[in-house]
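To keep things clear, I will list the structure first and then write my remarks on it.
By convention in this document, chain letters (A, B, ...) are assigned in the order of the sequence lines, proteins followed by strands, and residues within each chain are numbered from 1.
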Amino acid sequence: MVLDRGFSYLLLLAFFFLILFSTNSFAQDPSDTLAPESVTNVDAFDTPNDNGHSITVSWELSSDDGAGKNNVVVYEVYRSDSPEGKFEKRGMVPAGENTFEDQGAKEKDNANYLPSHKNFYYRVRAKSDGLFSDSEISLPAYAYGQWYHTGKTPVLVAVILFSVFAITFITLARKGKLFYIRPLAGIEAVDDAIGRATEMGKPILYIFGLGTADMIATIASFTILSRVAKKTAEYQTPILIPCYDSVVMAVAQETVRAAYLEAGRPDMYKEENIFFLTSMQFAYVAGVNGIMLREKPATNFYLGKFYAESLILAETGSIAGSIQISGTDEIAQIPFFVAATDYTLIGEELYAASAYLGREPVLLGTLKGQDWGKAVVIFSLILGALAASFGFQFFINLFRIQL
Amino acid sequence: MRREVPLLITAIVGLTLIVVYFVPHPPFSDLRDLFSDWFGVIAAFAIYLGILSLLKINVDKVYRKKSGWGFSIVTIMGFLLFVSVGLYEGSDFGEYGTSYYYLYDRIYYPLMATMFAILAFFIGSASYRAFRARNLEATVLLLAAFFVMLGRVPIGYYLTSWLPEGFRMGSLADWIMDYPQTAGQRAVMIGIALGIVSTSLRVILGIERTFLGGE
Amino acid sequence: MGFFERLLKIDRRIIFTLIGIAIALPLFFNVSMFVETTPVVKGVYEVVESLPEGSKVLVSFDYDPGSMPELQPMAESFFRHCFSRNLKVIIMGLWPQGPLQANWALDVILNEPDIKAKNLRYGVNYVNLGYTAGNEVVILRMGSNIHAAFPADYYGTPLDDLPIMKGIRNFNNIDFVYNLSAGYPGTMEWVQFAADRFHAVLGAGNTAVQAPLMYPYANTGQLVGILGGMKGAAEYEVLADRPARGVRYMFSQGIAHAVVIFFVILGNVAYFATG
Amino acid sequence: MHPSPDIGIWIGGLLTLGIFSFLYGDNPYYKFCEALFVGVSAGHWFITLFWTVFIPKLLGNIGIAIHTFRTEGFAAGMSDYMHWSYIFGGILGFLMILRLFPKIGWISRWSLAFVVGTTAGYYFINYLVSNGLMQIQKTILPLTSVGNIILVVGTFCGLIYFFFSKEHKGAFGGLARVGIWFLMITFGASFGYTVMSRMSLLIGRMDYIFGIWLGMIR
């Protein structure tokens with residue numbers, strides 16, 4: 001028993017030695033009785049690219065940090081509003097680091113308030129376990145806000161570039177220039193699907209998913225609905241739209257009413273066919289499932305923002321024997337739609353479909369602008385990959401964004 | 001009033017938020033937080049609107065004794081139960097040990113988790129029905145799914161345990177996830193980014209206005 | 001209608017039933033033969049196994065109920081292992097929900113007959129220090145003084161009044177640190193601060209999604225080992241020779257996957273057989 | 001078998017079974033659970049928003065503004081726009097509710113316009129940065145390993161597929177075709193990967209029924 005325990009202690013000891021050797025951190029010198037050397041060249045300056053309530057402090061490491069006595073554990077940073085005043089602790093960083101951002105609050109009533117345009121003095125304390133030494137006091141520094149964030153230039157360039165593309169092609173389109181847009185399988189299927197519903201004498205089901213009216217996917221879907229509704233008015237096929245969001249419902253009602261008016265069949269419009277179901281994800285799914293199984297619609301459209309319910313809807317729709325056309329920009333759900341529906345508008349294709357079906361030359365113009373953006377992206381990819389292969393780092397740095 | 005004011009609001013708010021991104025100086029830096037809080041408040045009202053519509057429909061059903069009005073009573077009772085207990089508990093209603101937490105844990109959570117779990121069954125039937133090698137694209141889809149699934153189960157391990165490490169099913173699955181899967185994902189993501197940028201721009205410029213509905 | 005045509009039109013309730021059985025049935029068996037153990041999990045197990053009785057182990061719970069199916073079995077098997085080896089367990093959390101997760105795991109383990117027989121006492125054999133805000137800075141502060149980071153435990157008792165905390169000042173007095181993590185702050189921060197700066201002996205349990213990002217640290221020895229997802233949990237239970245929830249979950253998941261794969265194959269066979 | 005003595009566990013178990021009964025077909029048991037679910041989730045939303053948005057954000061900020069006006073006077077109050085301006089948020093939110101009244105419902109377009117403008121502004125930047133520039137940056141890799149080449153070529157061909165203003169013909173069409181294959185691998189692999197996480201949810205529910213509730217597993 002005694003031997004056993006002794007043996008396990010030995011093992012443990014051996015184990016710790018192993019760990020210590022393997023991490024090469026054996027330099028812990030037994031000089032704990034001496035304070036580490038203080039840090040030098042303490043410099044305080046306004047933190048760049050911020051709203052003006054933060055000062056950055058930098059210094060040169062103590063000579064006992066990573067070398068010498070090697071006993072620095074942390075650096076503590078102290079601040080005061082006068083060199084003689086009382087210094088209060090603002091925070092600490094572990095040994096090996098030589099900057100600290102003194103981030104204050106912007107609200108006056110906050111205890112951590114750090115006013116702009118007021119001078120402060122800093123001091124850094126190098127600390128070992130129990131002992132410490134202070135640096136000299138820094139020159140005064142004050143915080144102020146900047147009008148432009150220099151780290152975000154790549155984004156600004158991209159914003160300008162893409163906006164110029166879009167506006168150029170919108171202007172060209174307004175002047176009457178027509179642009180070629182290739183056919184998309186899902187869009188081609190729309191007209192056929194409505195025709196099929198007419199032949200079968202069954203309704204069409206249009207689902208926006210769980211998106212609210214402000215989401216881009218929902219906005220794209222409104223445009224597509226406007227076109228689909230016009231067709232259904234021409235073919236005299238009823239269209240059912242159970243809604244998840246009451247605002248989406250109101251907009252959908254107005255869109256469909258306008259489309260029927262445009263098709264010259266305002267008498268066909270039935271407001272009760274566009275109704276609010278519930279705004280609870282799975283309760284909504286259950287409700288839509290019920291409609292599918294009862295009404296057996298000829299065609300189901302799933303266009304908009306979808307989450308986990310995508311597969312349940314698509315599977316139930318296939319039980320009901322409907323043709324299904326889907327499209328979403330929710331990447332995680334695209335696989336389910338691709339696997340379980342007949343046609344899928346993949347991500348960007350959904351927005352393209354909306355521009356395409358909107359039939360306005362201006363919308364097609366922005367699509368053309370979008371393609372120019374894509375060309376720039378592809379070009380940078382190829383150029384960047386080649387540059388990186390030959391060891392040029394500058395190209396990657398062009399895309400580096402400071403957040 | 002009905003059309004111009006909303007379009008103006010959209011344009012001003014949208015442009016401001018783009019500018020705010022580049023300008024750290026106040027008051028711009030504050031606008032970001034302010035707008036997102038307002039957004040939260042409006043979105044909360046929109047959800048309350050949904051709840052009101054829901055209650056309206058259900059009360060209506062009970063009042064007119066439409067089919068299934070009994071279930072509407074269940075809905076209304078469930079709503080009242082949670083709201084009354086939640087209001088009574090106060091702002092720390094969600095903490096462990098409160099009676100609201102008990103209701104959440106024993107009623108809401110089982111219902112929600114089971115709804116999600118039902119997906120597993122549908123995945124089974126979808127993989128039976130939909131994963132068929134109809135054409136080249138479908139076959140590629142099928143094979144990728146097949147290898148990734150196989151790479152995560154013991155059978156996959158036993159089938160290929162005779163191969164040297166790094167060539168087994170698990171490594172193949174990881175490789176598919178890390179390279180071809182990531183490549184395709186990036187193409188989709190970049191495409192969506194460009195589409196959103198261009199659609200947002202259309203919205204801000206007032207070209208895309210269907211969200212306001214017809215006139 | 002031929003056999004394959006009928007197979008193509010099979011009622012999906014049959015598929016649903018098979019999936020239900022495939023998931024539920026394996027839960028009744030503690031079959032550990034399908035779990036092959038890997039060196040990264042063995043790393044954690046062997047360190048705990050090598051600690052002498054009375055050694056002090058720190059466990060940080062850095063997750064919330066969202067990751068329970070994966071991480072809770074890990075917490076339970078780790079507690080079981082520590083208590084059966086008479087180690088002293090100090091619990092803390094960098095996530096607000098963490099200490100609560102620890103209490104749930106304690107509830108399960110302290111009621112198991114062989115552990116219950118040991119009559120373990122709070123404050124002597126184990127303690128829950130609770131949650132402190134500050135993410136990695138908390139780890140940093142613990143590096144110089146644990147009492148400064150946690151002045152009192154989860155129930156408000158000052159640390160000095162707890163026998164288990166006697167003689168514990170910083171990581172030098174802790175024999176092993178174990179971290180259960182589902183994101184930030186989590187394993188990455190423990191590696192960078194506790195292991196790299198203060199030379200703590202560190203092991204971790206992660207969700208399946210996060211684990212691949214942490215494997216490099218296990219290769220360099222910054223982590224003695226790591227448990228990844230349900231499979232990692234199952235492996236640990238097999239190593240400790242106490243198959244429990246992790247093994248059952250893993251078995252069930254394996255069978256369910258196999259059934260889905262079987263359906264994919266069957267669907268294609270029927271599709272091609274009918275032309 | 002040792003069923004749980006806790007009545008709450010029984011309720012949770014019975015509700016779980018009720019939802020599962022949908023797999024067989026629509027039935028009154030399921031309908032009951034669904035109706036309850038609709039009600040309690042509406043209640044849960046109501047309470048959560050009440051205590052996390054309305055009280056702290058709306059009333060809290062306006063309350064602070066009123067306090068400032070009272071104690072520090074009008075000028076100081078006005079300069080504290082971060083608080084009093086919340087009243088606008090409140091008004092815009094309230095206009096949303098007017099949808100319920102068809103006659104004046106159109107005025108809720110103002111709030112919708114604000115919400116749409118906010119989303120458009122946020123999305124414009126956020127997607128450009130994290131879905132666009134960041135992804136491009138990650139894909140600029142030296143073509144020195146098979147993996148890197150696949151990453152660059154796959155992303156390249158995938159983007160070619162998304163070209164709308166050029167016909168998919170000839171070499172361009174060939175690249176787009178390769179792009180579709182990459183997309184299909186992506187979708188197949190994500191499907192396979194998601195199967196795992198969905199299954200673990202179901203495992204959790206089954207363990208609840210047979211373990212925690214009925215006490216048949218241990």
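- Separation of atoms OG1 (Thr328(A)) and CD1 (Ile192(B)) is listed at 8.0 Å; rounding is to 0.5 Å.
- Contact tally against chain B (heavy-atom pairs below 4.5 Å) for Phe276(A), Tyr144(A), Phe222(A): the top residue is Phe276(A).
- For a heavy-atom cut-off of 4.5 Å, chain A lies close to Ser53(B), Leu54(B), Ile57(B) in residues 52-70 of chain B.
- Looking at heavy atoms from C-beta onward, Phe211(B) lies out of side-chain contact with Thr255(A) at the 4.5 angstrom threshold.
- For the options Gly347(A), Gly373(A), Ala340(A), heavy-atom pairs under 4.5 Å to chain B are most numerous at Ala340(A).
- Ring geometry for Phe28(B) against Trp147(A) counts as perpendicular: the plane angle is over 60°, on a 0 to 90° scale with 30° as the lower cut.
- Going from atom CE of Met215(A) over to atom CD1 of Ile196(B) covers 10.0 Å, rounded to the nearest 0.5 Å.
- The shortest side-chain heavy-atom distance between Phe162(A) and Leu194(B) falls under the 4.5 Å cut-off.
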Listing, residues 201-209 of chain B side-chain donor-acceptor contacts under 3.5 Å, not counting sequence neighbours, or none:
| unit_1 | atom_1 | unit_2 | atom_2 | d |
| --- | --- | --- | --- | --- |
| Arg202(B) | NE | Glu208(B) | OE1 | 3.3 |
| Arg202(B) | NH1 | Thr366(A) | OG1 | 2.7 |
| Arg202(B) | NH2 | Glu208(B) | OE1 | 3.2 |
| Glu208(B) | OE2 | Thr223(A) | OG1 | 2.6 |
| Glu208(B) | OE2 | Thr210(B) | OG1 | 3.4 |
| Arg209(B) | NE | Gly206(B) | O | 3.1 |
| Arg209(B) | NH2 | Gly206(B) | O | 3.1 |

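- In this structure the side chain of Tyr148(A) never reaches within 4.5 angstrom of the side chain of Val23(B), judged on heavy atoms.
- Residue Asp245(A): no heavy atom, backbone or side chain, is found under 4.5 Å from chain B.
- For the side chain to side chain donor-acceptor pair (under 3.5 Å) test, residues two or more places apart in sequence or in another chain that qualify with Glu348(A) are Gln370(A), Lys374(A).
- When all heavy atoms of Phe131(B) and Ala339(A) are compared, the closest pair comes out as CE2-CB, 4.0 Å.
- With chain B as the partner, the residue from Ala220(A), Ser226(A), Ser318(A) showing the most heavy-atom pairs under 4.5 Å is Ser318(A).
- In this structure, chain A has a heavy atom under 4.5 Å from the side chain of Val197(B), while its backbone stays farther away.
- Atom CZ of Phe35(B) has more than 12 heavy atoms from other residues, nucleotides or ligands within 6.0 Å.
- Between chain B and the options Thr341(A), Ile331(A), Val247(A), Leu350(A), the largest number of non-hydrogen pairs under 4.5 Å is found for Ile331(A).
- With a 4.5 Å cut-off on non-hydrogen atoms, Phe39(B) touches chain A through its side chain but not through its backbone.
- By the 4.5 Å heavy-atom criterion applied to side chains, Phe22(B) and Val155(A) are counted as neighbours.
- Only the side chain of Gln281(A) comes within contact range of chain B, with heavy atoms under 4.5 Å apart.
- At a 4.5 Å heavy-atom cutoff, the contact between Ser163(A) and chain B is made by backbone and side-chain atoms alike.
- Chain B forms the most heavy-atom pairs under 4.5 Å with one residue out of Val159(A), Asp371(A), Ile312(A), Asp329(A), and that residue is Ile312(A).
- By the 4.5 Å heavy-atom criterion applied to side chains, Asp30(B) and Lys106(A) are counted as neighbours.
- The line from OG of Ser198(B) to CD1 of Ile170(A) is 8.0 Å long, rounded to the nearest 0.5 Å.
- Inspection of non-hydrogen atoms places Leu119(B), Phe122(B), Ile123(B), Ser125(B), Ala126(B), Arg129(B) of residues 119-129 of chain B under 4.5 Å from chain A.
- Among all heavy-atom pairs drawn from Ile216(A) and Ser200(B), the shortest one is CD1-OG, 3.7 Å.
- With chain B as the partner, the residue from Gly369(A), Ala286(A), Ser116(A), Ala308(A) showing the most heavy-atom pairs under 4.5 Å is Ala308(A).
- The choice from Leu111(B), Leu49(B), Leu141(B) that makes the most heavy-atom pairs within less than 4.5 Å of chain A is Leu49(B).
- A distance of 9.5 Å separates CZ of Arg186(B) from CG of Leu381(A), quoted to the nearest 0.5 Å.
- Residue Phe275(A) places its CZ atom among more than 12 non-hydrogen atoms of other residues, nucleotides or ligands, all under 6.0 Å distant.
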